[in-house]
Amino acid sequence: QVPLKPGRSLMDWIRLTKSGKDLTGLKGRLIEVTEDELSKHNKKEDCWICIRGFVYNVTPYMEYHPGGEDELMKAAGTDGTDLFDQVHRWVNYESMLKECLVGRMAVKPIAAPKEISSAVSEDKKQLNGVLPEKKVLASSAKDLGPSYDWFQTDSLVTIVIYTKQKDMNAELVIVDCQDKRLRGEIIIDDHSYLVEVDLDHAVSEDVAGNFCLLQHLLEIILSKKDNIHWKMLGQPREGHNTFVKRTDRGLFYRKCKLVSKTEVTHDTRLFCLMLPKGTHLHVPTGQHVYLKQIIAGTEVVKPYTPVLPFLPLDFQEPPRHNGVHIYLMIKIYSRGLFTQALDHLQIGDYIFVSNPEGNFKKSQVQTSEDLILLAGGTGFTPMVKLLNFALTEVSCLRTVKLISFNKTEDDILWRNQLEQLALKDERFEVQFILSQPTKDWVGKQGKISSSLLSELVKRSRKDSKVLICICGPSPFTEQGVQYLKDLGYSQEEIHAFTA
Ligand code: FAD
Ligand code: NAD
């Protein structure tokens with residue numbers, strides 16, 4: 001530490017960074033920096049430093065650096081990561097030097113990691129790392145994906161992920177900490193950022209409660225089992241610190257315990273699975289997970305869509321919808337490979353559950369005035385959370401209509417709850433249509449058809465904004481979508497849930 005000149009305190013530095021002054025000299029542009037380019041900026045009056053692949057113009061920071069200018073100059077024009085780690089491990093340089101960010105080090109063609117966009121990477125290679133201005137802006141946001149850092153005290157290890165995203169929420173973060181293995185995945189649009197390491201030492205696995213999201217900053221706080229100083233966070237695993245397309249990231253499974261199994265109908269059950277203590281996972285509305293079981297020595301995987309434990313009538317969070325349990329409504333087929341094995345699980349047995357997937361976006365509902373849900377059999381499952389979300393959180397919604405198609409009366413899922421909900425909320429209406437009714441059935445019958453849909457699917461007003469969601473057996477969904485299009489509904493007004 002060296003004495004700093006008056007007006008050069010940390011607070012003064014923060015003020016300067018917030019002043020809107022161009023601290024990089026690049027007018028807000030982010031560029032790719034080659035080693036050659038970096039080495040040219042090695043003077044006090046023009047000093048760039050690379051830390052963990054990111055290049056900062058630290059020239060304006062010189063006089064504010066608590067360690068003094070000479071210390072900073074040791075890394076001038078070079079990769080200062082090691083030097084930085086020795087002295088400043090605990091310093092939040094990412095936010096401190098945010099306004100000094102020049103860009104990222106250019107990827108050397110031989111050691112090129114998985115590229116996010118091949119078109120952009122071609123350009124980069126041709127231009128030897130310096131991108132033309134207009135392309136820099138388009139590509140830099142993705143290229144400069146999230147990053148992380150870690151800090152420790154005697155008893156805690158804190159991993160900070162700089163998501164660089166403003167609209168973060170708990171559904172976009174999945175954390176697993178089991179057996180000294182830490183895995184944190186952040187979903188940003190259709191990309192995924194991963195931190196995955198074998199931790200240096202043992203920690204208490206209860207991370208779920210020690211998870212903190214502050215705007216674009218995510219903190220995962222781990223409690224050390226022994227109060228010893230960690231030399232490193234841990235050994236990186238494959239995919240650690242990468243930002244790739246979500247679809248390029250392999251599915252990750254954790255072992256969940258079956259805690260209850262209740263009857264819904266004669267062949268359908270509500271399975272309640274408990275996430276491990278070290279897992280934070282919320283399945284977003286409209287998304288599914290994959291279950292994995294070893295059946296006859298082979299890994300078998302099938303998709304299922306989590307529901308709520310029941311349809312809340314007061315539109316508040318159901319008591320056990322607390323991020324610890326996952327509820328699945330599953331039909332057991334007498335000759336079904338997976339569902340038979342599932343049905344044979346005992347309370348206390350374990351099953352593997354993946355990260356969520358699916359292309360439904362809540363924003364599709366958020367602007368709707370009329371929501372129509374067409375469900376065939378267990379195609380009802382995505383409608384459960386959707387219904388609750390729409391009635392609870394979508395203020396512009398005027399009508400919600402569920403049309404539930406089943407074979408017989410005995411196959412209707414949560415009939416009583418749906419009828420209760422319709423009584424309670426005047427925006428909601430439910431209709432049951434049976435394809436194999438008994439002669440006592442006085443309601444509608446048949447399968448999905450153009451005439452049925454033209455009669456039942458209607459806008460509440462001539463030009464009202466409508467969203468129609470459909471899910472069920474593939475022929476049901478495919479025919480339904482076609483009939484709706486024939487009736488004049490546009491692609492944007494229809495969402496089909498498929499695999
Ligand atoms: P399988 O062994 O695949 O067979 C199922 C039944 O169909 C058996 O009775 C079998 O004899 C019969 N069958 C199979 N193939 C044919 C055929 N070609 N012709 C005639 N009969 C045939 N299901 C739910 O219950 N709840 C959910 O929440 C849920 N969510 C899903 C989400 C998605 C995105 C998708 C794609 C499917 C979802 N499913 C859901 C269905 C689930 O994934 C399984 O397909 C289902 O559980 C059957 O699996 P199984 O291995 O037991 O049956
Ligand atoms: P089911 O056999 O009991 O049929 C329910 C209703 O669907 C029938 O009464 C009928 O009205 C309609 N239907 C069935 N076959 C049809 C056909 N060939 N043509 C037109 N309409 C038909 O349904 P189930 O056994 O509960 O199966 C539900 C299906 O939903 C499964 O195939 C499952 O994979 C699918 N599903 C998909 C998702 C998803 O997100 N993609 C989620 C849950 C369920």
Side-chain angles (χ1 to χ4, degrees), residues 22-43 46-62 65 72-89 91-150 160-164 186 188 191 193-195 232-233 236 238-245:
D22 176 12
L23 298 183
T24 59
L26 291 170
K27 300 192 176 73
R29 261 190 326 142
L30 293 169
I31 60 169
E32 279 223 332
V33 183
T34 58
E35 273 180 23
D36 192 22
E37 180 67 25
L38 176 66
S39 67
K40 290 180 192 158
H41 303 268
N42 61 352
K43 296 171 245 4
D46 176 18
C47 179
W48 290 11
I49 291 178
C50 170
I51 305 171
R52 280 189 196 79
F54 291 92
V55 179
Y56 299 90
N57 180 350
V58 295
T59 324
Y61 184 61
M62 284 285 169
H65 184 234
L72 208 54
M73 280 307 293
K74 283 186 188 163
T78 67
D79 187 340
T81 309
D82 288 348
L83 202 64
F84 185 90
D85 281 354
Q86 283 165 25
V87 192
H88 303 296
R89 180 70 268 166
V91 173
N92 185 355
Y93 73 92
E94 280 245 358
S95 68
M96 289 255 297
L97 296 179
K98 201 168 64 206
E99 298 304 323
C100 298
L101 184 64
V102 167
R104 193 149 88 168
M105 283 303 288
V107 177
K108 285 185 197 146
I110 343 118
K114 214 170 209 172
E115 291 287 347
I116 289 165
S117 153
S118 54
V120 170
S121 72
E122 273 314 305
D123 276 351
K124 281 180 203 162
K125 280 173 203 156
Q126 282 167 19
L127 292 159
N128 197 21
V130 184
L131 288 172
E133 200 164 337
K134 62 180 175 21
K135 287 207 172 161
V136 171
L137 289 173
S139 62
S140 60
K142 267 187 188 168
D143 279 358
L144 296 167
S147 60
Y148 83 102
D149 209 339
W150 71 285
V160 181
I161 299 179
Y162 306 94
T163 67
K164 300 187 180 134
I186 318 284
I188 296 172
H191 281 72
Y193 176 72
L194 185 70
V195 168
M232 57 195 292
L233 180 62
E238 201 194 327
H240 170 65
N241 200 16
T242 56
F243 186 50
V244 299
K245 276 212 149 161

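Residue numbers count from 1 along this sequence.
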- Would you please name every residue forming a side-chain contact (heavy atoms from CB on, under 4.5 Å) with Asn57, sequence neighbours left out? Trp48, Thr59, Pro60, Val102
- Min side-chain heavy-atom separation Tyr148-Leu233 under 4.5 Å: yes
- Side-chain touch Ile49/Thr78, heavy atoms, less than 4.5 angstrom: no
- Message: Is it true that Thr24 and Asp22 share a donor-acceptor pair across their side chains at a distance under 3.5 Å?
- Response: yes
- Quick one: side-chain hydrogen bond (donor to acceptor under 3.5 Å, both in side chains) partners of Lys43, sequence neighbours excluded? none
- Message: I need the minimum non-hydrogen distance between Met73 and Cys47, along with the two atoms involved.
- Response: SD-SG, 4.0 Å
- Note on the structure: With sequence neighbours left out, the residues meeting side-chain hydrogen bond (donor to acceptor under 3.5 Å, both in side chains) with Asp46 are His41
- Does the side chain of His240 reach to within under 4.5 Å of the side chain of Leu194, using non-hydrogen atoms? no
- CD1 of Ile51 to OG of Ser147: how many Å apart, nearest 0.5 Å? 11.0 Å
- Query: Is there side-chain contact between Met105 and Glu32, with heavy atoms separated by less than 4.5 Å?
  - Reply: no
- Side chains of Thr34 and Asp36, donor plus acceptor under 3.5 Å: no
- side-chain hydrogen bond (donor to acceptor under 3.5 Å, both in side chains) with Tyr56: which residues, sequence neighbours excluded? none
- Query: When rounded to the nearest 0.5 angstrom, what is the spacing between OH in Tyr162 and OH in Tyr193?
  - Reply: 10.5 Å
- Item | Nearest heavy atoms of Met232 and Trp150, plus distance in Å | C-CZ2, 3.5 Å
- Message: I'd like to check Ile188 versus Pro146 (side-chain heavy atoms, cut-off strictly below 4.5 Å). Are they in contact?
- Response: yes
- Could you state the interatomic distance from CG (Leu101) to CZ (Arg29), rounded to the nearest 0.5 Å? 13.0 Å
- Please determine which of Asp79, Asn241, Thr81 meets the side-chain contact (heavy atoms from CB on, under 4.5 Å) test together with Arg52. Thr81
- Query: Is the backbone N or O of Gly145 less than 3.5 Å from a side-chain atom of Lys164, with the two atoms forming a donor-acceptor pair by type?
  - Reply: yes
- Message: Any heavy-atom pair between the side chains of Lys74 and Leu83 that's under 4.5 Å?
- Response: yes
- Query: Side-chain contact, heavy-atom cut-off 4.5 Å: Leu72 with Tyr61?
  - Reply: yes
